[in-house]
Structure formats: C-alpha cells, structure tokens
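A short write-up of the structure that comes next.
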Amino acid sequence: MSKQFDVIVIGGGPGGYIAAIRAAQLGFNVACVDEWKNAKGGPALGGTCTNIGCIPSKALLQSSEHYEHAAKHFPEHGITVKGLEVDVGKMLARKDQVVKQNNDGITYLFKKNKITSFHGRASFVKTADGGYEIKVAGAAEESIVGKHIIVATGSNARALPGAPFDEVNILSNDGALRVGAVPKKLALIGSGVIGLEMGSVWRRLGAEVTVLEGLPTFLGAVDEQIAKEAKKAFDKQGLKIELGVKVGEVKTDKKGVSVAYTNAKGEAVVLEADKLIVSIGRVPNTIGLNAEAVGLALDERGAITVDADCKTNLPNVWAIGDVVRGPMLAHKAEEEGVAVAERIAGQHGHVNFNTIPWVIYTSPEIAWVGQTEQQLKAEGRAYKAGTFPFLANGRARALGDTTGMVKFLADATTDEILGVHMVGPQVSELISEAVVAMEFKASAEDIARICHAHPSLSEATKEAALAVDKRTLNF
Ligand code: NAI
C-alpha cells in the first residue's frame with residue numbers, strides 16, 4: 001500500500017521547503033519530493049535559489065567585489081597590494097561550499113521537523129481515496145498519496161529562439177555560475193536582474209562585458225530616477241549596456257559566440273564574445289508533472305492557474321512560487337508557502353503583494369518596495385517625493401561608497417508611504433525598514449521622527465523621509 005501523507009509538497013526550493021516546514025509545524029504528516037542532484041548524484045535541497053540562483057550568485061558577487069576593492073579601492077585607504085590575482089577555481093569551489101552548507105541546512109531542518117524527504121521526480125498519477133496519488137521516480141520508483149498537494153516546481157531559464165543553452169558557449173544562470181576562467185569578452189542578452197548581477201561578477205574579474213537589452217528603457221520596472229542613477233554608475237564602471245537592440249542570429253564555434261543584432265540606430269552589428277549569457281526571463285516549470293492526469297489547469301504562459309489564495313482548479317491542490325503568477329522571487333514563494341500551509345490548517349494565511357521588496361545585488365545595490373513615481377503619475381495619484389543622497393551621509397563617506405540615494409514617495413494628503421526606492425551601498429539591508437513601515441501603513445513623518453543610529457547608512461532613510469516635508473537636516 002502507498003504511503004499516506006496529509007501534505008505532499010512537490011519541489012524543495014524556497015517555496016516548497018518552507019511550505020513543508022510550516023505544514024509540519026502545524027502538526028501535519030508531511031512529505032517533500034525534490035529531484036535536484038548534487039555533483040555526486042545525491043539530493044540537493046533548496047531548488048534554483050540555493051543551487052544555481054540567489055545563493056551561489058551572491059557568493060560570486062562577494063568574491064568579485066573583494067577583488068575589485070583590492071584592485072581599485074584599497075589604495076585610497078593607503079593599502080597596497082602587490083601581485084593581486086584571482087584563482088577562479090578556488091572562487092568557484094568556495095561558492096560550491098556555500099551552496100552545500102545551504103543544502104545541508106535544509107536537510108537538517110527536514111529531519112528536525114520530521115518531514116519525509118523523497119529524492120526523485122514527482123508526477124500526478126490519479127485522484128486516490130482521500131487525495132491524490134503521486135509517483136516518485138528516483139533511484140527506485142514509489143507511489144505516495146497525499147490529502148493535500150502543494151506544487152512548488154519553480155521555473156526554468158527562457159532560451160532565445162534558435163539559440164538553445166549548451167552551457168559551454170550559450171549559458172543560462174546555471175552555466176554563468178560555472179565559467180572556469182575569466183572570459184576576455186562576455187556578451188549578455190537581457191539587462192534584467194540576472195544580466196546585471198552576472199555581468200557585474202565577470203566585469204569585476206576583468207571581462208569586457210556587453211549587455212544587449214531589447215527594451216529602449218533601462219530597468220523599466222524600477223523607479224526612473226533610481227534606474228538613471230544606477231545606469232550612470234554602471235557606465236562609469238565600464239559595464240556596456242546597449243538598449244533598444246533587436247537580437248538576430250546567434251552562432252557558436254570553437255572560438256566562442258557571435259551575436260548579430262540591430263542597434264537602436266538601426267545599424268547591423270555583430271558582437272563576438274567568448275561566452276554568451278542569455279538572461280531574458282524564466283518560464284514556469286511543469287515539465288513531467290503530468291498535470292493532465294488529474295486535470296490541473298495551466299494558463300497560456302504554462303503557469304499553474306491559481307486564485308489569490310494559491311488554490312488551483314482542483315480541490316486540495318495548491319501551487320506557489322515561480323510556477324504561478326506574480327514576481328519570480330524566492331521570498332514571494334516563501335510567503336506563499338507559509339500562507340498555504342496555514343490555510344490548509346484552517347488559518348488565514350496572507351501575502352501582501354504590495355510590500356514585497358525587490359533587490360538587485362549589483363554595486364551599487366538597487367532595492368525598492370511599493371510603487372514607483374512613474375506608476376503614481378500614470379494613476380494620477382497626488383504624491384510628495386523626498387530624496388537624500390548618500391554623498392551627504394557620514395557613514396557612506398567613511399565607507400568610501402557615496403553613490404546613489406534613498407527616495408520616498410508619500411501620499412500628498414495622508415503622508416502614507418507609497419513607495420521607497422534606493423540605489424547605493426547595502427540598500428539590500430536598508431530596504432527592510434521601508435517594508436516594515438509600509439506593512440504598518442506608516443507615514444513618511446513616522447520614519448522622520450524615529451531615532452536612527454549615527455553614523456549609519458540608515459540615516460539616509462530618515463533624511464529621505466524628512467525630505468518629503470522639505471526639511472532634511474544634513475543636506
Ligand atoms: P528579468 O525579467 O529580470 O530580465 C529580462 C530582461 O531581458 C528584460 O529587461 C527584458 O526586456 C530583456 N529581454 C527579453 N527578451 C529579450 C530579447 N529577445 N532580446 C533582448 N532583451 C530581451 O529576467 P532575468 O534577469 O532572466 O531573471 C529571471 C528571474 O529571476 C526574474 O524574475 C528575477 O526577478 C529573478 N531573479 C531575481 C534575483 C534577485 O532577486 N536579486 C536575482 C536573479 C534572478
């Protein structure tokens with residue numbers, strides 16, 4: 001007889017593993033099925049985020065930033081380094097170790113929470129007595145039955161038509177993290193989050209990087225003023241970003257890759273590079289799920305159709321994270337996972353889509369929450385804006401990193417914070433104050449009245465809030 005579970009989670013990424021833990025905390029008998037394999041063929045829990053996404057990219061961003069600091073910024077501090085070199089092999093090995101620590105951490109959490117872990121690919125078989133039968137195809141094949149199913153199968157990199165990923169010359173986010181030596185010339189298609197982060201890693205290590213972007217505007221989803229400031233910084237660093245291009249044929253040979261494109265002026269150009277990273281978005285992953293077997297509905301993009309509560313068209317089948325609508329962000333998936341587990345337990349799980357923070361881990365970092373100025377203008381909403389530059393912040397000066405600013409947007413009448421946008425040092429951490437403020441429906445004045453430690457970068461947040469009322473103290 002098949003093993004029976006209250007909840008079966010399909011996918012062990014940040015959405016799935018967090019859903020499994022929360023469900024277990026709530027007293028359910030939980031299984032999680034995940035097929036990711038480590039280099040030795042064993043399980044590697046954590047999904048794209050842990051294995052080939054958020055975590056390894058941050059490890060390489062840190063290593064490459066150290067290198068750039070040593071090469072370009074140490075002399076300002078009176079520190080001379082002779083014979084500075086990069087050992088890419090060691091850098092990648094460190095990154096792999098960071099990944100492994102995270103894999104092992106999730107395995108430990110599963111044991112601690114008594115979650116049964118299956119290593120293999122899960123697919124729907126049929127509705128079964130009291131739930132759904134799921135086949136697990138791993139080293140051995142097993143059949144399990146769950147009363148509730150949470151699908152958290154994530155997403156895959158979108159390939160450019162006619163240029164499939166070979167992970168040697170044409171790289172996805174996966175291959176981009178495994179380049180064994182610094183390419184002399186690196187081309188990227190798509191100046192979104194992955195394009196900017198991976199472009200930054202390899203530029204810092206010495207590659208000549210060109211990013212080709214189809215849209216005429218840079219980072220269209222980001223507040224225009226912030227995107228402009230970020231672009232200025234990237235230009236200064238030598239990260240070449242060409243906007244408004246139309247990519248044509250991509251060819252590979254022993255020497256590398258060539259990308260034919262038409263630039264914004266309508267000229268035909270061929271870009272030669274050693275490697276090409278294609279970062280043009282991701283597609284929901286339902287490969288091999290056998291959704292048809294039970295009649296699980298997908299939308300026209302291939303995402304699983306869900307309502308606001310992550311309920312699919314089938315009773316007791318839920319879907320969360322990248323495989324459903326909404327931003328493809330690990331922390332959005334986590335929140336949905338917690339909310340679904342709580343709904344299964346009869347509680348009122350809730351995800352506030354208006355306060356999901358975004359972070360791009362470049363240097364300067366870019367972070368935001370809430371609405372942008374262009375969105376408020378389009379809505380015709382009356383608002384007040386306040387900005388404060390890091391140039392006027394003592395801690396930023398001491399750090400030697402004064403690029404960027406903090407910007408507040410608040411309702412013109414009520415002063416409620418509608419959006420906070422940042423570009424500059426460590427804003428990935430600073431943004432959480434803004435998220436908390438918005439979650440509690442704070443006004444800009446609330447932040448302006450709160451004592452912030454001196455000297456700290458967070459004073460720029462307080463000052464930008466003061467700027468909404470045109471009364472900055474340090475600028
Ligand atoms: P993205 O959606 O951030 O950016 C894709 C870019 O490619 C866009 O600017 C788009 O206009 C451009 N593009 C699309 N088709 C094109 C074409 N044919 N030619 C030229 N340009 C084209 O997607 P990305 O960077 O691939 O990232 C995928 C997902 O992973 C995103 O949803 C992102 O949020 C997530 N992610 C999040 C990170 C973070 O939170 N720090 C880090 C990395 C990825």
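No experiment lies behind these values; they were computed from the predicted model shown. Whatever order the structure lists ligands and atoms in, that order sets their numbers, starting from 1.
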Q | Val359, portion touching ligand 1 at heavy-atom distance under 4.0 Å | A | backbone
Q.
With nothing but distance in play, are any N or O atoms of Ile360 less than 3.5 Å from an N or O of ligand 1?
A. no
Q | No-hydrogen, no-angle side-chain donor-acceptor test under 3.5 Å, Glu433 and Ser458 | A | no
Q: Enumerate the atoms of ligand 1 whose separation from the nearest heavy atom of Tyr361 is less than 4.0 angstrom.
A: 41 (N)
Q | Polar contact flag for Glu197 and ligand 1 (N/O pairs, less than 3.5 Å) | A | yes
Q) Is the count of non-hydrogen atoms from other residues, nucleotides or ligands lying under 6.0 Å from Arg395 atom CZ greater than 12? A) no
Q) Of the protein's non-hydrogen atoms, which lies at the shortest distance from atom 5 (C) of ligand 1, and what is that distance? A) Ser279 O, 3.5 Å
Q) Do other residues, nucleotides or ligands put more than 12 heavy atoms under 6.0 Å from Glu429 CD? A) no
Q) Of Glu342, Glu334, Glu335, Glu336, which meets salt bridge (charged side-chain N to carboxylate O under 4.0 Å, His left out) against Arg22? A) Glu342
Q. Judging by distance only, is a nitrogen or oxygen of Leu160 under 3.5 angstrom from one on ligand 1?
A. no
(Q) For the backbone of Val168 and the side chain of Lys275, can you confirm whether one donor and one acceptor N or O come within less than 3.5 Å of each other? (A) yes
Q) Who's the nearest protein heavy-atom neighbour of atom 30 (O) of ligand 1, and how far? A) Arg282 CD, 3.7 Å
Q. How does Leu329 reach ligand 1, if at all, at less than 4.0 Å between non-hydrogen atoms: by side chain, backbone, both, or neither?
A. side chain
Q) Where the side chain of Glu373 meets the backbone of Gly419, is there a donor-acceptor pair that is under 3.5 Å apart? A) no
**Q.** Under 3.5 Å: N/O of Gly214 near N/O of ligand 1
**A.** yes
Q) Hey, are Asn38 and Asn103 close enough side-chain-wise for a donor-acceptor pair under 3.5 Å? A) no
Q: If you have a sec, work out which protein heavy atom is nearest atom 35 (C) of ligand 1 and how many Å separate them, to one decimal?
A: Met328 O, 3.5 Å
Q: Looking only at protein heavy atoms, identify the closest one to atom 26 (O) of ligand 1 and say how far it is in Å.
A: Gly281 N, 2.9 Å
Q: Would you confirm whether Asn173, through its side chain, and Ile52, through its main-chain N or O, come within 3.5 Å as a donor-acceptor pair?
A: yes
**Q.** Atom CD of Glu224 with >12 non-hydrogen neighbours under 6.0 angstrom
**A.** no
Q. Should Lys246 be listed as contacting ligand 1, given a heavy-atom distance under 4.0 Å as the test?
A. no
Q. Is the shortest heavy-atom distance from the side chain of Ile149 to the side chain of Phe124 under 4.5 Å?
A. yes
Q. Side chain, backbone, both or neither: which part of Ile189 has a heavy atom under 4.0 Å from ligand 1?
A. side chain
Q. Leu215 heavy atoms, cut-off 4.0 Å: which ligand 1 atoms fall inside?
A. 11 (O)
Q. Side chains of Glu68 and Gln237: donor-acceptor distance under 3.5 Å anywhere?
A. no
Q: Go through ligand 1 atom by atom and flag the ones less than 4.0 Å from a non-hydrogen atom of Arg158.
A: 14 (C), 15 (N)
Q: Could you tell me the residue and atom name of the protein heavy atom closest to atom 38 (C) of ligand 1, and the distance to it rounded to 0.1 Å?
A: Val193 CG1, 3.2 Å
Q) Which option, Gly192, Gly53, Cys49, owns the non-hydrogen atom nearest atom 1 (P) of ligand 1? A) Gly192
Q | Closest protein heavy atom to atom 7 (O) of ligand 1, given as residue, atom name and distance to 0.1 Å | A | Gly190 CA, 3.2 Å
Q: For Val283 and Ala157, work out which heavy atoms get closest and say how close.
A: CG2-O, 4.4 Å
Q. Under 3.5 Å, N or O to N or O, is Glu213 touching ligand 1 that way?
A. yes
Q. Take atom NZ in Lys311; do more than 12 heavy atoms of anything else shown fall under 6.0 Å from it?
A. no
Q: Name the closest protein heavy atom to atom 13 (N) of ligand 1, giving the residue it belongs to and the distance to 0.1 Å.
A: Ile280 CG2, 3.8 Å
**Q.** atom 44 (C) of ligand 1: the protein heavy-atom neighbour that sits closest, reported with distance to 0.1 Å
**A.** Ile194 CG1, 3.3 Å
